Amino acid sequence: MRGHPRRGEAGREVSEAGASERGAEVGRRIGVGLMYGLFRPRVLGSWRVPVSGPVILAVNHAHNVDGPMVMGVAPRPTHFLIKKEAFVGPLGPFLDAIGQVKVDRSGADRTAITRALGVLGQGGVLGIFPEGTRGEGDFASLRAGLAYFAVRSGAPIVPVAVLGSTERDGRLIKQLPPLRSRVDVVFGDPFEAGDGSGRRTRKALDEATVRIQERLSRHLENARRLTGR
């Protein structure tokens with residue numbers, strides 16, 4: 001068990017957290033410019049994101065643009081858990097600089113877990129794709145990571161539905177939606193994942209995952225009805 005920080009260690013941790021938060025704010029501003037410059041985001045319910053304190057954004061994931069889109073339209077700087085395979089070439093240092101968290105999905109990445117809990121411990125916003133990888137974006141299959149972070153930190157979860165990013169391929173860049181196309185981002189009501197007991201057992205996490213999936217699926221259904229997509 002870790003004891004008190006050594007001399008200077010606590011200061012470094014606070015400094016690193018501050019640098020990471022500043023980086024995430026820079027990333028948010030870049031995202032604003034890119035997403036509103038390339039597309040026509042329609043943002044609904046962003047006022048539901050708590051203005052302060054730790055928050056987890058649980059985002060459906062059907063397209064590569066979903067993460068940058070949420071970073072650009074969310075009202076607070078967001079630190080996303082991003083697979084290590086994305087940290088290649090010049091993109092790696094850039095993602096580090098804007099406060100994103102590299103994660104090795106092949107096993108329990110303790111460094112990523114510590115960094116993610118650090119974001120929440122400092123009252124920041126952690127972005128997670130609960131399905132673990134890009135797919136249909138329907139929250140049909142969740143990994144246990146979201147429940148772990150929510151129960152361990154006590155941070156509320158805000159469901160986020162990104163709709164319209166996969167409807168058509170762009171003509172100039174097929175890896176992106178068409179330029180100036182509309183992408184809807186719908187934020188839901190924050191909720192607690194735990195049952196109030198404070199338990200962190202495997203059974204408690206499994207039960208939390210079921211509750212989370214029900215809330216995320218319900219939000220996605222409401223978002224589709226609201227946007228007509």
Side-chain angles (χ1 to χ4, degrees), residues 24 27-46 48-49 55-88 91 94-95 98-103 105 112 116 119 125-143 145-146 149 157-170 172-188 190 212-213 215-224 226-229:
R28 189 185 74 83
R29 294 180 184 182
I30 293 173
V32 169
L34 283 176
M35 294 302 106
Y36 282 93
L38 295 174
F39 310 110
R40 292 187 299 117
R42 181 171 64 167
V43 185
L44 304 174
S46 61
R48 293 187 171 99
V49 178
V55 179
I56 298 174
L57 301 183
V59 186
N60 67 323
H61 193 24
H63 197 286
N64 285 331
V65 80
D66 297 338
M69 180 63 69
V70 173
M71 286 180 62
V73 305
R76 294 174 58 187
T78 305
H79 307 257
F80 265 97
L81 280 171
I82 301 176
K83 63 183 180 180
K84 71 173 186 178
E85 290 83 0
F87 287 71
V88 295
L91 188 58
F94 172 73
L95 291 174
I98 62 172
Q100 305 311 294
V101 181
K102 177 168 60 176
V103 59
R105 299 178 300 174
V119 167
V125 180
L126 182 67
I128 295 181
F129 298 117
E131 297 157 290
T133 186
R134 191 160 32 99
E136 295 299 318
D138 55 5
F139 295 126
S141 178
L142 305 192
R143 293 193 173 191
L146 174 55
F149 288 118
I157 296 172
V158 172
V160 185
V162 181
L163 303 172
S165 58
T166 60
E167 287 182 351
R168 291 178 294 142
D169 292 332
L172 295 178
I173 306 175
K174 293 193 178 297
Q175 290 78 15
L176 294 176
L179 298 181
R180 308 306 300 158
S181 62
R182 196 186 81 200
V183 178
D184 292 326
V185 184
V186 186
F187 294 84
I212 291 169
Q213 186 167 28
R215 291 292 296 263
L216 297 186
S217 297
R218 196 182 315 151
H219 171 67
L220 183 59
E221 181 181 342
N222 290 338
R224 284 173 171 161
L226 182 65
T227 60
R229 305 187 104 149

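FYI, side chains are in, hydrogens and waters are out, and symmetry mates aren't considered; it's all heavy atoms of this structure. Note that the coordinates shown come from a computational prediction; the quantities given were computed from them, not determined experimentally. The first residue in the sequence is number 1, and the count goes up from there.
L44 places a side-chain heavy atom less than 4.5 Å from the side chain of T227. V186 has its side chain within reach of H219: a pair of non-hydrogen atoms, C-beta onward, lies under 4.5 Å apart. The side-chain heavy atoms of M71 and M35, taken from C-beta on, include no pair separated by under 4.5 Å. Using a 4.5 Å cut-off on side-chain heavy atoms (C-beta onward), T78 and R28 make no contact. When side chains are defined from C-beta on, P68 does not count as touching L34, because their heavy atoms never get closer than 4.5 Å. Between L146 and L216, the closest side-chain pair of non-hydrogen atoms falls below 4.5 Å. A heavy-atom distance below 4.5 Å is not found between the side chains of M69 and H63. Residues R224 and L163 are in side-chain contact: their nearest non-hydrogen atoms beyond the backbone lie under 4.5 Å apart.
The ring pair (Phe, Tyr, Trp, His ring centres under 6.0 Å) search around F80 returns F129, not counting sequence neighbours. For R218, there are no salt bridge (charged side-chain N to carboxylate O under 4.0 Å, His left out) partners two or more places apart in sequence or in a different chain. Partners of R42 by side-chain hydrogen bond (donor to acceptor under 3.5 Å, both in side chains), not counting sequence neighbours, listed by chain and number: D184.
Here the straight-line distance linking atom CD1 of I30 with atom CD1 of I98 works out to 6.0 Å at 0.5 Å rounding. The distance from atom CZ of F39 to atom CZ of R182, rounded to the nearest 0.5 Å, is 14.5 Å. Atoms CZ and CG, from R180 and L38 in turn, are 8.0 Å apart once rounded to the nearest 0.5 Å. Atom-to-atom distance recorded for I128:CD1 and I212:CD1 is 9.0 Å, nearest 0.5 angstrom.
Between P75 and S46 the shortest heavy-atom distance is CG-O, 3.6 Å. Of all non-hydrogen atoms in R48 and F187, the two that sit nearest each other are NH1-O, 3.1 Å. Minimum interatomic distance between H79 and V119 (heavy atoms only, all atoms of both residues): CD2-CG1, 3.6 Å. The minimum heavy-atom distance linking G72 with V32 is given by the pair O-CG2, 3.0 Å. Scanning both residues, L57 and A74, for their nearest heavy atoms gives CD1-CB, 4.3 Å. What you find for A86 and L95 is that their closest heavy atoms are O-CD1, 4.0 Å.
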Exercise for the section: Step by step, work out the side-chain contact (heavy atoms from CB on, under 4.5 Å) result for N60 and V162. Expected result: CA-CA 7 Å; N60 67 323; V162 181; 3.8 Å; yes
